[in-house]
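Beneath this line is the structure, given in C-alpha cells, with notes to follow.
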2 protein chains.
Amino acid sequence: MTGDDTFDIAPDWVDGETKALEAPHDHRAELRLWLRLLTCSTLVESEVRRRLREEFDSTLPRFDLMAQLERAPDGMVLGEVSKRMMVSPGNITVLVERLTESGHLSRSTLPTDRRVQIIALTPFGRAEFEKMAARHADWISDLFAGLAPDDGSVLMDELARLKRSIIASLARGA
Amino acid sequence: MTGDDTFDIAPDWVDGETKALEAPHDHRAELRLWLRLLTCSTLVESEVRRRLREEFDSTLPRFDLMAQLERAPDGMVLGEVSKRMMVSPGNITVLVERLTESGHLSRSTLPTDRRVQIIALTPFGRAEFEKMAARHADWISDLFAGLAPDDGSVLMDELARLKRSIIASLARGA
DNA sequence: CGAAGAAATTTCAAGCTTAAAATTGTTTGG
DNA sequence: CCAAACAATTTTAAGCTTGAAATTTCTTCG
C-alpha cells in the first residue's frame, strides 16, 4: 500500500475500497426497470378506469372494493378491506358511503363490538359486480393477448421475485 | 381410452369446436398476472410517495414533472409535458402553478404563438430536483436489490413485450 | 368499579386527477 | 378580410387519496 514512494499522491481509484465507497452501484438499470413497470401498470390502469366509467359509470376504487367483498358472502370488516386494498381507512369510509347509498352494499354493526362495521354486497351489488367483472376480465385478457403463454409464465415468476424483493426491502427499511 | 362405446351420449367436452365457442379462453392467468403487476407497482409507488413527503415534503407528481424538465434545459411546452406524463392537461396547470410559486419552475409565453406556455426548471428547481433524484435512485435500487441481475434483464425484456401487447390492444380498441 | 390505554372508524384539510366546458389565440378557406 | 375550424390551455365539478386528529367503543388493570 504505502511501499511505493515514487508518487506521493496516488489517484483515488487505485484504492478499491475507497472506490467502492465513492462510486456505489450504478442505479440506471433498476430505474429503467421501474419506469417500464410503471408505464405498463399506468397504461392498463387508465384503460380499465376509462372503460369502467364508459360502460358502467363506475370507478376503479368501487370495483376493487366490490371485488374484495365478492368472495366474502358474510361480509368483511372495514379494517380488513382497507388492509387488503392497501389504502387508508378514511378512504374506505367515503367509498362505502356511496356504494351503500346506491344499494350495492349493506352495512351493519357487529353486535358484540359496536366499533366494528361489517359490509357486504347486496344481491343487486353482486349482480352488478358480476357484470363488471366479466367485462373486466375480457379487457385484461385483450390487453395481455400479445403475450405468449410462456412469456406470461416467466413474467409471473419474475414478478413474484420482484415482489419478494420489495417486501424484503420494506421490512429492512422499517 | 376411446374404445368403449358403452355410453351413447357423449359429454359436451368431446367436441373441441363447440367447447371453444361456449367456453372462451380462461382469463384467470391474465388476471393473476395483472394483479401481481399492480401489487408490485403499488408497493413501490406508495413507498416513493411516502419518502418524498418525509424527506423532501414533496409529492410524486411534482417529482415526475421536474424529471421531465430535467433533460430539457430550454424548457418544454405544457402539452408535451402532459403527453409524456400521461396525465390530463388540466392537471399540469395546477402542478405548474404551485411549482412556479415555490420557485422551482419558470414559465413564459412563446412570442410567436401566445397560446403556448413554456416551462423550465429554475437553477433552484434543478438543484432541488437533483437532490431528490439521487435519493430516489437509491430507494428504487434498494427496493429492487433482491433481484438477481439476470432476473432484472428477463423482467426488462418481458415487460417490453407486455408493453407492446398493451399498446397493440389499445390501438385495436380505438 | 373506573380510569388509562388500545382499537376501529370517521372527520378534516390539503392535494391529485379526470372529463367536459369554456377561454384565448391562430389558421384557413371563401 | 373574416368567419369557421382548430389548438393550447384553464376552469369547473366531482371524486379519490392521504396523514393526522378526533370520536366512539371496548379492554384491562389497579
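Just so we're on the same page: letters track the sequence lines, and every chain starts at 1.
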Practice task
Hey, which sits more toward the 5' end of DNA chain C by its nearest nucleotide, Arg50(A) or Leu95(B)?
Solution key: Leu95(B)

Completion exercise
Rounded to whole Å, CZ of Arg51(A) lies from P of dA19(C) at a distance of 14 Å

Handout entry: Lys/Arg N to Asp/Glu carboxylate O, Arg53(A) vs Asp57(A), below 4.0 Å
Key = no

Handout entry: Salt bridge Arg135(A)-Glu55(A), side-chain N to carboxylate O under 4.0 Å
Key = yes

Exercise for the section: Using a strict cut-off of less than 4.0 Å between a Lys/Arg side-chain nitrogen and an Asp/Glu carboxylate oxygen, indicate whether Lys131(B) and Glu128(B) qualify as a salt bridge. Expected result: yes

Problem - Cluster link Leu38(A) to Trp34(B), ILVMFWY, side chain under 4.5 Å - result: yes

Practice task
Please list, by residue number, the residues of residues 102-116 of chain B whose heavy atoms come closer than 4.0 Å to an atom of DNA chain C; answer none if no residue qualifies.
Solution key: Asp113(B), Arg114(B), Arg115(B)

Exercise for the section: Tell me whether the OP1 or OP2 atom of dG15(C) has a side-chain N or O from Arg98(B) closer than 4.0 Å. Expected result: yes

Completion exercise
Arg49(B) CZ to dA14(C) C1', in whole Å, measures 14 Å

Practice task
Enumerate the residue pairs fulfilling salt bridge (Lys or Arg N to Asp or Glu O under 4.0 Å) with a member in residues 94-113 of chain A, sequence neighbours excluded, ordered by first and then second residue.
Solution key: Asp113(A)-Arg115(A)

Practice task
Assess the pair Phe63(A) and Phe129(A): is the distance between their ring centroids shorter than 6.0 Å?
Solution key: yes

Handout entry: Value in whole Å for how far the P atom of dC16(D) lies from CD of Glu45(A)
Key = 14 Å

Practice task
State plainly whether one hydrophobic cluster holds both Leu60(B) and Leu33(A), where clusters connect Ile, Leu, Val, Met, Phe, Trp and Tyr through side-chain heavy atoms under 4.5 angstrom apart.
Solution key: yes

Practice task
Determine the sole option in Leu37(A), Leu155(A), Leu162(A) for which the side-chain contact (heavy atoms from CB on, under 4.5 Å) test with Leu37(B) is passed.
Solution key: Leu37(A)

Practice task
Could you check which residues of residues 58-93 of chain A get a heavy atom under 4.0 Å from DNA chain C? Sort them by number, please.
Solution key: Val77(A), Leu78(A), Gly79(A), Pro89(A), Gly90(A), Thr93(A)

Problem - Contact check, side chains of Leu31(A) and His136(B), non-hydrogen atoms, under 4.5 Å - result: yes

Practice task
When you get a sec, tell me which of dT10(C), dT10(D), dT11(C) is the closest nucleotide to the side chain of Gln117(B)?
Solution key: dT10(D)

Practice task
Examine dT18(C): is either OP1 or OP2 under 4.0 Å from a nitrogen or oxygen in the side chain of Arg53(A)? Give yes or no.
Solution key: no

Exercise for the section: Provide, to the nearest angstrom, the distance between the CG atom belonging to Leu52(A) and the P atom belonging to dG15(D). Expected result: 16 Å

Handout entry: Nucleotide dA14(C), atom P - distance to CG of Asp57(B) in whole Å
Key = 13 Å

